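Here is the structure we will look at.
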Amino acid sequence: MSKLFTKSEVASCNAKEKTLIILHDKVYDVTRFLNEHPGGEEILLDHAGKDSSEDFDDIGHSSDAFELMKNYLVGELVASERTYKTPKQSWSTTYVKSQTNKKDEGMSPTVMLAGLVVLLAVAYFLYL
């Protein structure tokens with residue numbers, strides 16, 4: 001069972017020393033991530049203590065971001081304060097699609113190099 005937070009508890013953690021953010025009724029402690037965030041710590045601090053679900057969805061994060069988020073999940077909002085709004089695009093769908101697409105990215109560089117070597121060898125012997 002995960003820890004339950006009220007919005008006022010999350011709101012009180014809005015500084016560099018303790019930074020909590022709400023994303024779709026889940027609470028994330030991003031304090032350790034402030035210096036690592038690709039967009040800079042300022043954006044996280046601007047959203048600290050708040051429900052940032054809409055802004056998070058609007059940015060369009062990568063599958064790596066969704067995977068990384070799991071490390072910072074510390075709980076969820078109490079049932080009476082949840083919005084129950086679904087993400088604009090399903091996080092799980094985004095993650096699954098990205099993993100599926102990795103399989104379909106085409107030939108690996110090794111296979112391409114081997115094919116090129118074979119083609120060059122055939123061309124060499126044909127024109128010799």
Side-chain angles (χ1 to χ4, degrees):
M1 183 170 176
S2 63
K3 182 175 179 186
L4 297 176
F5 291 85
T6 63
K7 287 184 178 181
S8 63
E9 287 175 313
V10 174
S12 69
C13 299
N14 63 359
K16 274 187 171 184
E17 296 76 30
K18 183 74 170 180
T19 311
L20 297 183
I21 292 178
I22 301 168
L23 296 173
H24 298 288
D25 300 328
K26 296 191 184 312
V27 178
Y28 296 86
D29 183 344
V30 295
T31 309
R32 294 179 296 128
F33 187 61
L34 290 175
N35 292 327
E36 299 172 31
H37 187 260
E41 69 179 24
E42 295 82 19
I43 192 71
L44 293 177
L45 291 171
D46 286 346
H47 289 84
K50 302 174 188 171
D51 186 335
S52 301
S53 304
E54 189 172 329
D55 289 338
F56 183 88
D57 288 348
D58 288 345
I59 294 299
H61 287 82
S62 69
S63 60
D64 291 338
F66 291 109
E67 188 64 30
L68 190 60
M69 286 174 57
K70 295 176 185 178
N71 299 324
Y72 301 100
L73 179 64
V74 292
E76 55 190 318
L77 289 177
V78 294
S80 62
E81 295 187 359
R82 294 180 189 164
T83 62
Y84 297 100
K85 290 182 182 176
T86 57
K88 291 181 181 177
Q89 183 178 16
S90 169
W91 292 5
S92 59
T93 302
T94 301
Y95 178 72
V96 168
K97 280 182 182 176
S98 69
Q99 295 304 307
T100 303
N101 289 342
K102 284 183 179 179
K103 295 176 190 171
D104 299 330
E105 287 179 351
M107 287 188 269
S108 72
T110 305
V111 172
M112 290 175 65
L113 181 59
L116 181 61
V117 169
V118 169
L119 284 173
L120 289 173
V122 168
Y124 178 79
F125 287 108
L126 285 175
Y127 294 106
L128 193 69

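Since the structure is predicted, the reported quantities are computational estimates derived from the model, not experimental observations. The first residue in the sequence is number 1, and the count goes up from there.
- Tracing side-chain contacts under 4.5 Å through hydrophobic residues (I, L, V, M, F, W, Y), one never reaches Val74 starting from Phe66; they form parts of separate clusters.
- Lys16 is linked by a salt bridge (Lys or Arg N to Asp or Glu O under 4.0 Å) to Glu41, counting only residues two or more places apart in sequence or in another chain.
- Interatomic distance, OG of Ser52 versus CG of Leu44, reported as 8.5 Å (0.5 Å rounding).
- Listed by chain and number, the residues in a side-chain hydrogen bond (donor to acceptor under 3.5 Å, both in side chains) with Asn14 amount to none (sequence neighbours excluded).
- Side-chain atoms of Glu9 come within 3.5 Å of backbone atoms of Thr6 as a donor-acceptor pair (strictly under, hydrogens ignored).
- Checked against side-chain hydrogen bond (donor to acceptor under 3.5 Å, both in side chains), Asn71 has no partners two or more places apart in sequence or in another chain.
- Using a 4.5 Å heavy-atom cutoff, the side chains of Asp58 and Glu54 are in contact.
- Taking hydrophobic clusters as Ile, Leu, Val, Met, Phe, Trp and Tyr residues chained together by side-chain heavy-atom distances below 4.5 Å, Phe33 does not share a cluster with Leu20.
- In summary, Glu76 and Arg82 engage in a salt bridge, as defined by a charged side-chain N under 4.0 Å from a carboxylate O.
- For Phe5 against Gly75, the heavy-atom pair with the smallest separation is CE1-CA, 3.9 Å.
- Counting Ile, Leu, Val, Met, Phe, Trp and Tyr side chains that sit under 4.5 Å apart, directly or through other members, Tyr84 stands alone, with no cluster partners.
- In terms of heavy-atom proximity, Glu36 sits nearest to Arg32 at OE2-O, 3.6 Å.
- Taking the six-membered ring where the residue is Trp, His37 and His61 present tilted rings, their angle falling between 30° and 60°.
- For the residue pair Asp29 and Thr31, a side-chain donor N or O sits within less than 3.5 Å of a side-chain acceptor on the partner.
- The hydrophobic cluster containing Val78 does not contain Val10, counting ILVMFWY residues as joined when their side-chain heavy atoms lie under 4.5 angstrom apart, directly or transitively.
- Take Thr19 and apply the side-chain hydrogen bond (donor to acceptor under 3.5 Å, both in side chains) test, not counting sequence neighbours, and it matches no residue.
- Between His47 and Asp55, the shortest heavy-atom contact is NE2-OD2, 2.8 Å.
- In this structure, Ile21 and Phe56 have side chains that are not in contact, with every pair of non-hydrogen atoms separated by 4.5 Å or more.
- Smallest separation of non-hydrogen atoms from Val27 and Ile22: CG2-CG1, 4.4 Å.
- Considering only residues two or more places apart in sequence or on other chains, Asp51 meets the salt bridge (Lys or Arg N to Asp or Glu O under 4.0 Å) condition with none of them.
- Residue Lys7 holds its NZ atom at 14.5 Å from OG of Ser12, rounded to the nearest 0.5 Å.
- Closest non-hydrogen pair, Leu4 versus Leu77, comes out as CD2-O, 4.0 Å.
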